[in-house]
Amino acid sequence: MLRDIQPYPTAEQIAASNELISLDTETAGSTRQTNIPVYFSWAARDLGSGAGPVITPDGFNAARRLCESPRPKVCHNLKFDLQRFDYLGFKVGGELHDTTLMHALLDEHHLEHHRLKALSRELLGRQRQDEFVLDKWRSKHLFPDIPQEVSHPYAVRDAEDALDLYYLFEPQLKEIGCWDLYRNEVAAAVAYKEIEQCGIAVDLDALTVALKKIGDALEQLQQQIFEALGRSFLISSPQQLGDALADFFPLTEYTASGQLKTDKSTLEPFRDDPRMQLVLAWKFLFKAASTLRGYYTRAADGRVHPEYRQTTVTGRSAAKDPPIQQIPKQRGRITEVEVGSSEMAALCREAFRSVRAVFIPMPGAFLLAIDYSQVEFRVFVHYTGSKRLVELMRGGADFHKLFSEMIFGAYSERYRHITKMLSYGIIYGMSKKRARKQLAGEEHPDDIIARYESTLPEMRVTQKRIQSVGEMRGYVKDVFGRRYRYLERAGSYILVAWLCQGTAANIKKHALVRVREILRNRRSQIIADIHDELVFNFYPEDISLLPQIKAAMERFPEIDVPITVDISGGRNLLEMKKVTLEQALSGLWKEWVR
DNA sequence: TCTTCAAGCGCG
DNA sequence: AAAGCGCGCTTGAAGA
């Protein structure tokens with residue numbers, strides 16, 4: 001049994017200064033179900049360091065004293081520890097800090113993903129071999145069953161390391177001008193914590209029905225495929241599928257490991273063949289079924305609770321369990337063109353729709369989504385510094401259309417598509433070869449590319465400028481001060497993509513923090529961050545806040561071009577309808593309330 | 001049996 | 001020299 005093995009800081013000692021306190025929690029296990037706090041540790045310059053169980057009265061009270069004191073706090077993964085303290089019913093006081101976020105801004109490419117022990121070894125020169133000892137115990141035991149003489153010093157060292165990392169990073173972040181950005185990321189971490197706890201309601205009945213229907217269809221399809229290809233095999237195995245299809249189709253593309261490619265783009269050219277139609281439909285439905293299963297198994301309380309992190313290379317957010325940022329939208333859509341029989345096409349369409357329609361508002365609320373319009377592209381235009389392009393954008397019109405008119409002298413959907421593709425190609429570093437391939441249907445692809453380059457020279461010039469600044473200085477910096485380091489192995493073209501994605505991510509994260517503040521103490525809540533879109537569970541009583549929310553999301557004076565959002569709402573995530581602010585305010589939301 | 005990798009797919 | 005970028009999840013296969 002875990003016991004108190006040293007004195008804890010007293011209330012007087014804690015109140016005696018306002019120095020930073022490092023806090024850490026150890027949980028019973030490491031799955032979502034076992035992430036229950038059982039041990040805690042602290043460190044501060046004036047208090048020294050220590051640890052103890054949160055399940056003894058003395059330990060529990062000491063942990064609460066430390067947490068709730070108004071002194072500033074640092075954790076190595078703030079969001080996680082805040083959740084643990086929430087579980088214990090503690091209100092964490094003081095300014096909050098997170099050494100993971102700090103390090104992610106200082107060294108975004110770190111291979112160890114900013115793990116505490118790695119940083120302790122590399123930056124503090126400590127040999128944390130206790131990590132491996134504890135991991136060994138952890139693989140077979142819950143934390144309370146690990147000998148305390150092993151676990152206690154480990155917990156203490158975690159708190160000490162986090163404290164020392166903070167003092168190491170603080171001047172470095174200020175030095176490179178990233179302190180404000182870092183403070184915003186901490187605030188965003190708190191917002192993400194609330195988003196995770198709130199979760200997104202799912203329609204379990206609809207989910208069950210859809211799963212059954214798709215499952216039955218898959219079984220039927222499988223039989224038809226076996227008959228059509230004259231053998232039975234595991235269709236989900238790329239290897240076996242490749243073998244089976246090779247008897248009937250001239251498959252010529254191979255993967256790196258010498259296996260026949262069976263991905264969608266390889267198979268699609270053969271989609272006029274009924275046999276291939278069966279396979280394409282099967283693949284589509286198989287994917288839809290496993291996506292739905294993923295939602296189902298995670299919706300124990302009728303909601304899914306995706307987990308967010310912001311320690312990616314560009315500072316973008318990432319969500320998992322389930323991957324809420326990857327709900328099928330349109331790319332994977334299967335139409336009657338792609339699958340043979342009309343019944344099969346209808347079934348695929350329905351399966352696709354059911355995946356999105358599963359997400360619903362809470363009773364009495366409706367779903368609201370506010371998404372940035374072309375934000376990465378706008379950001380790039382800002383970086384061009386071109387008065388001409390900025391003015392065009394300020395006009396507010398469809399600028400891909402304007403650009404295509406400038407290039408082609410006329411407008412068509414096709415021209416707009418080409419222009420847009422080439423514009424994004426510059427941001428993402430598309431090669432000339434790839435551009436030509438994309439323009440395969442055109443008579444003079446090279447002419448089109450040349451016309452684009454001569455009509456909008458600012459685009460290429462800016463791309464090259466960003467690249468050369470990156471190569472010379474070793475990094476490029478966005479309008480918020482975030483640095484994107486040049487890596488030789490990655491190449492300089494990638495800096496342009498990182499810069500635009502990262503700037504867009506920062507815009508979104510500022511919006512997230514502002515909007516959370518506006519909705520403080522309201523029932524309405526942000527329930528998802530889908531990169532350029534915030535999704536809300538919105539209650540009618542808060543509808544008057546909408547103009548304020550919209551304005552907060554669009555207010556970015558540091559960017560020369562307008563940053564604008566679109567509003568949509570609905571009774572589920574499939575049936576989201578785009579509306580104007582006025583329409584939303586005028587009571588249109590009544591149709592959406594669950 | 002467990003872990004790691006590649007293939008494939010989805011989103012922005 | 002060549003390259004569209006970022007991210008996570010599921011599945012099957014291979015290695016340990």
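Side chains are part of it too, since the values below use all heavy atoms of this structure and drop only hydrogens, waters and symmetry mates. Proteins get letters first, then strands, A, B, ... in listed order; numbering begins at 1 in each.
Residue A/V496 is classed as having no contact, given no heavy-atom separation below 4.0 Å to the nucleic acid. Using a 4.0 Å heavy-atom distance criterion, A/F286 is classed as a sugar-phosphate-only contact. Within the 4.0 angstrom heavy-atom criterion, only backbone atoms of the sugar-phosphate kind lie near A/T262; the bases stay farther away. As judged by a 4.0 angstrom heavy-atom cut-off over every strand, A/A435 is placed among residues making no nucleic acid contact. Among the atoms of the strands shown, base atoms are found under 4.0 Å from some heavy atom of A/K287. Residue-level contact check: A/E376 touches neither bases nor backbone, having no heavy atom under 4.0 Å from any strand. In this structure, A/R298 reaches the sugar-phosphate backbone alone: every heavy-atom distance under 4.0 Å involves primed, P, OP1 or OP2 atoms, never a base. Nucleic acid contact for A/G491: none, since no nucleic acid atom lies under 4.0 Å from a heavy atom of the residue.
Cation-pi geometry between A/R473 and A/Y475 is met: under 6.0 angstrom from the ring centre, within 45 degrees of the axis.
Counting only N and O atoms by type, the side chains of A/H400 and A/Q374 include a donor and acceptor under 3.5 Å apart. The closest side-chain donor-acceptor pair between A/N572 and A/E575 falls under 3.5 angstrom. Side chains of A/T384 and A/E458: no donor on one and acceptor on the other come within 3.5 Å.
Contact annotation: A/K283 side-chain N/O to B/dC9 OP1/OP2 distance is under 4.0 Å. Close to B/dC11, at under 4.0 Å from its OP1 or OP2, lies no side-chain N or O of A/R316. For A/T314 and C/dG6, the shortest distance from a side-chain N or O to OP1 or OP2 is not below 4.0 Å. The phosphate of C/dT11 has neither OP1 nor OP2 within less than 4.0 Å of any side-chain N or O from A/S236. Contact between the side-chain N/O atoms of A/R434 and the OP1/OP2 oxygens of C/dG4 is found at a separation under 4.0 Å.
Note on ring orientation: taking the six-membered ring where Trp is involved, the planes of A/Y424 and A/F377 are tilted (angle from 30° to 60°). Ring orientation note: the planes of A/F399 and A/F403 are tilted relative to one another, at an angle of 30° to 60°.
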Under the 3.5 Å Watson-Crick or G-U criterion, the dot-bracket string of DNA chain C, with | for inter-strand pairs: ....||||||||||||
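Below the 3.5 angstrom threshold, one finds a donor paired with an acceptor across the side chain of A/Q501 and the base of C/dC5.
Considering only heavy atoms from C-beta on, A/M472 stays 4.5 Å or farther from A/Y486 through its side chain.
The distance between atom OH of A/Y308 and atom C1' of C/dC7, rounded to the nearest whole Å, is 13 Å.
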